[in-house]
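Letters A, B, ... are given to chains in the order of the sequence lines, protein chains preceding strands, and every chain is numbered from 1.
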Amino acid sequence: MSRSRDRYNVKETEARWQAIWEDRGCFHAREDDARAKYYVLEMFPYPSGRIHMGHVRNYTLGDVVARYKRARGFNVLHPMGWDAFGLPAENAAIANKVHPARWTRENIAAMRTQLKAMGLSYDWRREIATCEPEYYRHEQKMFLDFLAAGLVYRKESWVNWDPVEHTVLANEQVIDGRGWRSGVPVEKRLLSQWFLKITEYADDLLAALKDLERWPERVRLMQENWIGRSEGMRLTFDVEGAEEGLEVFTTRPDTLFGASFCALSPNHPLAQRAAADNPALADFIAECNRMGTSEEAIETAEKKGFDTGMVALNPVRPDQRLPIYVANFVLMEYGTGAIFGCPAHDQRDLDFARKYDLPVVPVVLPPDADAADFAIGAEPYVGDGTLINSEWLDGLDVPAAKRAVAERLEAEGRGARTVSYRLRDWGVSRQRYWGCPIPIVHCPDCGAVPVPEAELPVTLPEDVDFDQPGNPLDRHPTWKHVDCPSCGTPARRETDTFDTFFESSWYFARFADPWSTDIGFKRAAADYWLPVDQYIGGIEHAVLHLLYSRFFTRALRRCGYVGVDEPFAGLLTQGMICHETYRDEKGDWLFPSEVTRLDDGRWVRAATGAPVTVGRVEKMSKSKKNVVDPEGIIATYGADTARLFMLSDSPPERDLEWTDAGVDGAWRYINRLWRMVIGAGLPPVGAPAPASFAPEVTAVRQVTHRTIAAVTDDLERFHFNKAVARIRELTNALGELAEGEGAGWALREGLETVVRLVNPMTPHLAEELWRALGHATMLVDTPWPEADPALLVEETATVAVQVNGKLRATLALAKDAPREEAEAAALADPAVQKFTAGKTIRKVIVVPNKIVNVVV
RNA sequence: GCCCCAGUGGCGGAAUUGGUAGACGCGCUUGACUCAAAAUCAAGUGCCGGAAACGGCGUGCUGGUUCGAGUCCGGCCUGGGGCACCA
């Protein structure tokens, strides 16, 4: 026999089916009210130039869901696009003198080819790239709509400045005080920026989390922490000799009698005013603003304060005079930018009080402490207890004292209960070229004027240079010089561009209707397709993209674009792809492709034979070189092998270790199934079922139908690894099917079932085998198999028999056999009697169809 | 510091509600086929003892609840993740 006939020709087969799917438009989605819609979406990639294993896993997961739901009769939308604005394009422009647009488009073309080789069931007609004016023009319109709706404002504020990227970063993009991409410590700068009022939805974004039942608990928790709601009070302290009072925020109004100082943020207006005629204070404030916000900086920085000489009066005890400090640990962005300090019940306040020798008066007595000798040492007391040293609060517990203070001060007009959030408004201005221009003109007379709708889009100029650091739009000779749309006098175009998270905050809606030119998408299309039923991507976007999109959707709803609040009804967060790491004798990292394992288990460099140290399994990363290029795998083993491996070894949300052995296993299975189908002598398609089956054949048919039920359940729950295991079990059972009445018919039934069940995972192989089995139809049009209920019924149950909880025998009993029968059978079993002989049986527990436990 | 998640064979992982721990795969061992190798097929594979039958032990550690615990409860250990001058 020729080699081509006894071995599966992956390359030819996969290319052929991909062409057929494309030619027939198998995955084109159309709105259809007759069928239930299902929108499955994977987080779209940044076009870096090549796909990596994380992409392969992400898109495989999405494709399994899409193909499975399609077979279940849903009208499936499964699109793909490119998150195409961003800094790497500008870096490439600087390094290689290539225009960001060209670099990006070439990368997209290369990656599209790679994705198409994976056999993914996308509606490619809907492909979008966010860097094209056809896309970003619509978000300029949205921005202006948000502005009109009061959801956008411009403010001068202290922002995170990345000195390497020469741009502002949002809070969400600062990790451990460092820029999320550059990794260098961010600085504080005072700049005018555009903000989106995400805080207006803080409560709603928080409350709605509990209804996102198909989101991982972990992600909901992370968003909850990020929003950081805390209930407290705003209190006004009179300032001696001043008209205006000092407003502070506190969550512990119950400790007001323990106050011993007030502290202002260095950027608080009162501090700034005081600094105007106090050079020493001005120096102190400048020093505070130089301090980094990185973890180390905060850990090591001392609590420092500067006594302004001003005095605040305690609102519950106006005769108590509290010094007002400017303190380096008070944030202007949270609460009111001012606090009162109660050293006995807060760690920072205590540190500060010890340093500046301020009184430490306990006002909450722990439940088991004695009032006579209770004192605060190095640690404050932060728990519940009984109020002391607090006049009219004495004897109350903490919640009651909070209530009492709140009611009294509210009645006196000296305070109000409020809620504070950690969440800040979303600063969207970036001082970069490769982003969507913000459609605003700054006029010396009219201020910030929106670009009229008729003049949209504001497109990026092509003729820019990247020879100097900074924003090329700002340096461009002509682009920014325009006349004011309102009064016609010479004005300056806004040269900042949007944060790239702006584009990804609405792309899922554009996929519903990527063709409209006058509007981002038709309302009817969005109403039909949204929300996304299943969203799949990495956990790294738990707060960034996923929170922005939830806010953006609410903003779009307010402006009439959509009718939903939540963009993603279901979310699956996939784990990372990991690989062993390798180092040579010098300690330099080596690619997996550079090393090889000898028969004796030693690892060496393939080229030189030099010894190699194998390190721990870590997330694939370029810096550690523990990466495997998907293109090579797909070229050698085919897309189906890569897809099957991605699904078999680990549950999707867990990290997956890429191993050659695992790939081999998937490859072997694909070939084994191919040989089984090609080599099987089967009755023809549609042959009538025999009148009866031999018992062992019926047993195999039962496995077939139970597998249908189990795999269906597994896919519904995204237990893909279990689904693969069950399909393999069925394959094993079919391989052992001997001759017997009806065996041929049952084998066809079983093989057809395997092929249909495996279709979402390895679609090329499945289509090929479906045709080899004699079908003229295609699996993409074939409904999901259904289990025959008659074959799911069990006639016997295997019952475990325990003596004192230890397994001693198993019995095959009729299903639902009476308790007495099970008990009698168990006690009669010789293996059981060995352990009961000569002993008194005290108790017998019978769980029908499961277990009999004899207690002696 | 606060919050969350996870610890099961040599490895990845199974075990819907407490009811036969280790499905499926990888690896390994042995055998068949072959001049040989690869591929394929067959058998075995938690650990300890035993030729076997069989017995003992076993889900990070420890204590508890229960006829029965990987699963529930308390205390610890280890690993991972998130947040962190948030008043």
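- Contact annotation: A:Thr659 does not reach the phosphate of B:rC11 (side-chain N/O to OP1 or OP2, under 4.0 Å).
- Among the protein residues, A:Val847 comes within range of the nucleic acid bases, having at least one heavy atom under 4.0 Å from a base atom.
- Remark on RNA chain B: of its neighbouring residues A:Leu221 and A:Glu657, the 5'-side contact belongs to A:Leu221, judged by nearest-heavy-atom nucleotide.
- Set against B:rA14, B:rC41, B:rU20, the side chain of A:Arg672 has B:rC41 as its closest nucleotide.
- Regarding A:Leu264, its CG atom lies at a distance of 16 Å from the C1' atom of B:rC85, rounded to whole Å.
- With the nearest nucleotide of RNA chain B identified for both A:Lys722 and A:Thr251, A:Lys722 has the one nearer the 5' end.
- Within the structure, a side-chain polar atom (N or O) of A:Asn721 is placed less than 4.0 Å from OP1 or OP2 of B:rA14.
- Proximity note for A:Lys850 (side chain, C-beta onward) versus B:rA23, B:rU16, B:rU17: the nearest is B:rU17.
- Distances from the side chain of A:Met222 to the nucleotides B:rG12, B:rU20, B:rG82 place B:rG82 closest.
- Using a 4.0 Å heavy-atom criterion, one finds that A:Ser648 contacts no nucleic acid atom at all.
- Looking at heavy-atom distances under 4.0 Å, A:Arg728 makes contact with sugar-phosphate atoms alone, never a base.
- One can place OH of A:Tyr325 at 23 Å from P of B:rC85, the figure rounded to the nearest angstrom.
- To the nearest whole angstrom, the two C1' atoms, one in B:rU59 and one in B:rG9, are 10 Å apart.
- Because its glycosidic torsion is within 90° of 0, B:rG9 is reported here as syn.
- If you check every strand for non-hydrogen atoms under 4.0 Å, A:Ile845 touches a base.
- Electrostatic pairing of A:Glu247 and A:Arg234 counts as a salt bridge here, judged by a charged N lying under 4.0 Å from a carboxylate O.
- Within the nucleic acid shown, A:Val330 comes within 4.0 Å of at least one base atom, counting heavy atoms only.
- Heavy atoms of A:Lys304 sit nowhere under 4.0 angstrom from any nucleic acid atom.
- Atom CG of A:Leu807 is separated from atom P of B:rC54 by 12 Å (rounded to the nearest Å).
- Side-chain atoms of A:Asn225 lie closest to B:rC3 of the nucleotides B:rG13, B:rC3, B:rC67.
- Classification of the A:Tyr325-A:Phe261 ring pair by plane angle, with boundaries at 30° and 60°, yields perpendicular.
- Distance NZ (A:Lys834) to C1' (B:rG55): 8 Å, rounded to an integer number of Å.
- At a threshold of 4.0 angstrom between heavy atoms, the contacts of A:Arg348 include nucleobase atoms, whether or not backbone atoms are also involved.
- Looking at every heavy atom in both residues, A:Thr810 comes nearest to A:Leu807 through CG2-CD1, 4.4 Å.
- The aromatic rings of A:Trp674 and A:Tyr8 sit tilted relative to each other, their planes meeting at an angle between 30° and 60°.
- At least one cation-pi condition fails for A:Arg348 and A:Phe329: the charged atom is not both under 6.0 angstrom from the six-membered ring centre and inside a 45 degree cone around its axis.
- Residue contacts for A:Phe835: at a heavy-atom cut-off of 4.0 Å it reaches the sugar-phosphate backbone alone, with no base atom in range.
- A:Arg842 comes within 4.0 angstrom of no nucleic acid atom, judged by non-hydrogen atoms across all strands.
- Across all strands, A:Asn853 comes closer than 4.0 Å to base atoms (heavy-atom distances).
- Among the nucleotides B:rA87, B:rG19, B:rG12, the one closest to the side chain of A:Gln802 is B:rG19.
- Nucleotides B:rG79 and B:rU66, compared at atom C1', are 31 Å apart to the nearest Å.
- A:Arg220 comes within contact range of no nucleotide atom at all, as no heavy-atom separation falls under 4.0 Å.
- Taking the side chain of A:Thr250 as heavy atoms from C-beta on, and the options B:rG27, B:rC67, B:rA87, the nearest nucleotide is B:rA87.
- No engagement by A:Arg726 is indicated, since no non-hydrogen atom pair under 4.0 Å with the nucleic acid exists.
- More than 12 heavy atoms of other residues, nucleotides or ligands lie within 6.0 Å of CG in A:Asp664, so this atom counts as buried by the packing criterion.
- Salt-bridge annotation for A:Glu729 and A:Arg726: absent, with no side-chain N of the basic residue lying under 4.0 Å from a carboxylate O of the acidic one.
- In this structure, A:Asn804 reaches neither bases nor backbone, as no heavy-atom distance under 4.0 Å exists between it and the strands shown.
- Closest approach of A:Val360 and A:Pro343 over heavy atoms only: CG2-CB, 3.9 Å.
- With distances taken from any side-chain atom of A:Phe329 to the nucleotides B:rC24, B:rC85, B:rC3, the minimum falls on B:rC85.
- For A:Arg229 against B:rC86, a side-chain-to-base donor-acceptor contact under 3.5 Å is absent.
- Distances from the side chain of A:Glu729 to the nucleotides B:rC24, B:rA87, B:rG13 place B:rC24 closest.
- A:Ile539 places its CD1 atom 11 Å from the P atom of B:rC83, with the value rounded to the nearest Å.
- Nearest to the side-chain atoms of A:Lys303 among the listed nucleotides B:rC85, B:rG13, B:rA87 stands B:rC85.
- Proximity note for A:Arg668 (side chain, C-beta onward) versus B:rA87, B:rG27, B:rG82: the nearest is B:rG27.
- For A:Gln347 and B:rG1, the CD to P distance is 11 Å, given to the nearest whole Å.
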